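Model, not experiment: these values are computed from the prediction. Just so it is clear, the values below take in all heavy atoms, side chains as well, and ignore hydrogens, waters and symmetry mates.
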Amino acid sequence: MLRQQDVGHRIVVRRIVGIREGRPLFSDALGELVELTETHITLVTAGGPLRVPVGEVHRAKRVPPARRPTAVAVVDLESASDEAWPAPVRGRLGDWRLRSAAGWTGRANSALPIGDPDRPLPAALDAVQRWYADLGQPALVNTPLPLAAPVGAELDARGWTARPPVLVQTVPLTTLTAPQPVALAVADLPPVALAVAPTDDWLAIAADRKGGLPEAARHVLTAVDRIRFAELRVDGRLLAVGRGTVTGGGRWLGVSLLEVLPEARRRGYAAAVVRALAGWAAAEGATRAFLQVEQRNVGAVALYHRLGFTTHHTYLTRVAP
């Protein structure tokens with residue numbers, strides 16, 4: 001059967017749809033799993049969303065994606081993501097990237113093993129550990145999969161643990177900027193304002209979500225040439241925020257720190273913020289958007305699926321013992 005870590009991945013479900021002459025009749029459904037509860041499985045198929053009661057499920061399992069991204073595509077997207085979340089302290093190990101931001105977020109404080117480290121793999125990982133030890137930080141390695149599977153295997157042998165899987169999801173900007181059908185549109189949505197610098201209350205929401213904002217964090221948030229900070233206010237109160245960057249040679253919109261205050265959720269505010277950022281990025285010449293979301297965050301995964309995002313690849317943040 002399925003587990004929460006299968007959310008965001010392609011699955012096949014064999015369900016019982018009836019009984020004939022005392023025998024069950026089955027029907028198979030193939031799609032992306034967007035919600036898994038004790039009572040239902042929800043997947044998005046080619047024909048639209050399908051909600052299957054658990055009692056009707058005969059068998060369900062994850063299956064490989066219809067088409068895996070090429071190594072070049074993963075490297076290009078990971079490079080764009082690295083540009084969009086720039087650590088203030090950086091190093092190189094051949095093509096590998098070493099990043100530090102005073103411990104603020106895993107992405108900005110981990111090695112990114114894409115390309116050739118210019119030495120044997122065991123020696124490269126030894127060098128990674130020394131680099132972080134010199135900074136007084138624990139060694140972390142982000143392993144995009146399946147590209148960095150050999151790195152992951154070596155880390156397994158060394159006893160490194162893994163944080164929860166993260167989905168790297170993408171969507172064409174034309175999907176986000178297309179006019180919304182009347183049935184899906186939310187009437188009287190407040191406007192979304194875009195600014196080149198974050199306001200104090202925008203930073204306060206980010207600090208609350210990320211557990212503070214050290215000086216290194218401000219560098220990560222702002223040190224990108226093409227950037228916008230989105231705000232949605234009602235009666236002057238900031239209710240939803242988001243951050244957008246254009247990187248990767250101008251091709252990619254990176255969406256991050258999308259947050260809606262708990263009392264303002266389920267009103268279409270998150271989607272409005274994403275679409276506002278998409279409109280700006282499209283005017284900048286970008287053609288696709290990406291974001292990163294923990295696989296276990298089923299609510300966010302479902303939201304992004306409704307907006308058209310699909311999983312490009314996954315990564316694990318590996319932690320030294």
Side-chain angles (χ1 to χ4, degrees), residues 3-11 32 61-87 89-101 103 105-135 137-170 247-249 252 254 290-296 310-321:
R3 299 174 294 173
Q4 287 297 333
Q5 47 264 56
D6 296 315
V7 172
H9 292 275
R10 195 163 175 253
I11 65 166
E32 184 171 325
K61 65 178 181 179
R62 190 196 295 192
V63 296
R67 183 177 60 187
R68 291 188 176 184
T70 65
V72 170
V74 173
V75 169
D76 286 348
L77 182 47
E78 286 291 330
S79 296
S81 175
D82 180 51
E83 293 175 41
W85 201 251
V89 179
R90 304 179 69 87
R92 281 277 188 171
L93 200 64
D95 296 328
W96 287 17
R97 304 171 193 199
L98 309 177
R99 308 170 293 187
S100 173
T105 75
R107 268 187 287 166
N109 292 274
S110 58
L112 181 59
I114 55 175
D116 183 0
D118 199 27
R119 66 203 69 193
L121 179 55
L125 292 174
D126 290 342
V128 167
Q129 289 193 269
R130 287 194 300 271
W131 193 84
Y132 284 101
D134 288 345
L135 293 173
Q137 291 184 220
L140 303 177
V141 177
N142 268 17
T143 54
L145 300 174
L147 178 67
V151 177
E154 177 66 21
L155 295 176
D156 287 340
R158 294 176 177 226
W160 288 48
T161 56
R163 292 179 179 173
V166 173
L167 309 178
V168 182
Q169 300 197 313
T170 64
T247 59
W252 288 101
F290 75 88
L291 53 78
Q292 300 177 346
V293 57
E294 280 198 0
Q295 187 172 272
R296 64 184 177 180
T310 59
T311 299
H312 185 272
H313 65 277
T314 64
Y315 74 76
L316 295 174
T317 298
R318 306 298 303 267
V319 183

Among residues at least two apart in sequence or on other chains, which ones pass side chain to side chain contact (heavy atoms under 4.5 Å, CB included) with [X]?
X	result
D82	R90, R97, R99, L112
P122	P120, E154, R158
Q292	S81, R107, V166, V168, Y315
P138	none

Using side-chain hydrogen bond (donor to acceptor under 3.5 Å, both in side chains) as the criterion, list what pairs up with [X], not counting sequence neighbours.
X	answer
R163	none
H312	none
T314	none
Q129	none

Restricting to non-hydrogen atoms, name the atom on [X] and the atom on [Y] that form the minimum distance, rounded to 0.1 Å.
X	Y	value
P164	L316	C-CD2, 4.5 Å
P117	A124	CB-CB, 3.7 Å
P150	L121	O-CD2, 3.6 Å
A80	W252	CB-CD1, 3.7 Å
P321	W160	CD-CD1, 3.5 Å
A84	F290	CB-CZ, 4.2 Å

Legend entry - Side chain to side chain, Q295 and T311, heavy atoms closer than 4.5 Å: no
Legend entry - Donor-acceptor under 3.5 Å (N109 side chain, A101 main chain): yes
Legend entry - Main-chain N/O of W131 paired with D134 side-chain donor or acceptor, under 3.5 Å: no
Legend entry - With sequence neighbours excluded, residues passing ring-ring contact (aromatic ring centres under 6.0 Å, His included) with W96: none
Go through the structure and list residues passing salt bridge (charged side-chain N to carboxylate O under 4.0 Å, His left out) with [X], not counting sequence neighbours.
X	value
D156	R318
R130	none
R92	none

Value rounded to 0.5 Å, distance of [atom1] in [X] from [atom2] in [Y]:
X	Y	atom1	atom2	result
L93	D118	CG	CG	8.0 Å
L147	E78	CG	CD	8.0 Å
L98	L140	CG	CG	11.5 Å
T161	L155	OG1	CG	10.0 Å
H313	Q169	NE2	CD	11.0 Å
I11	K61	CD1	NZ	12.0 Å

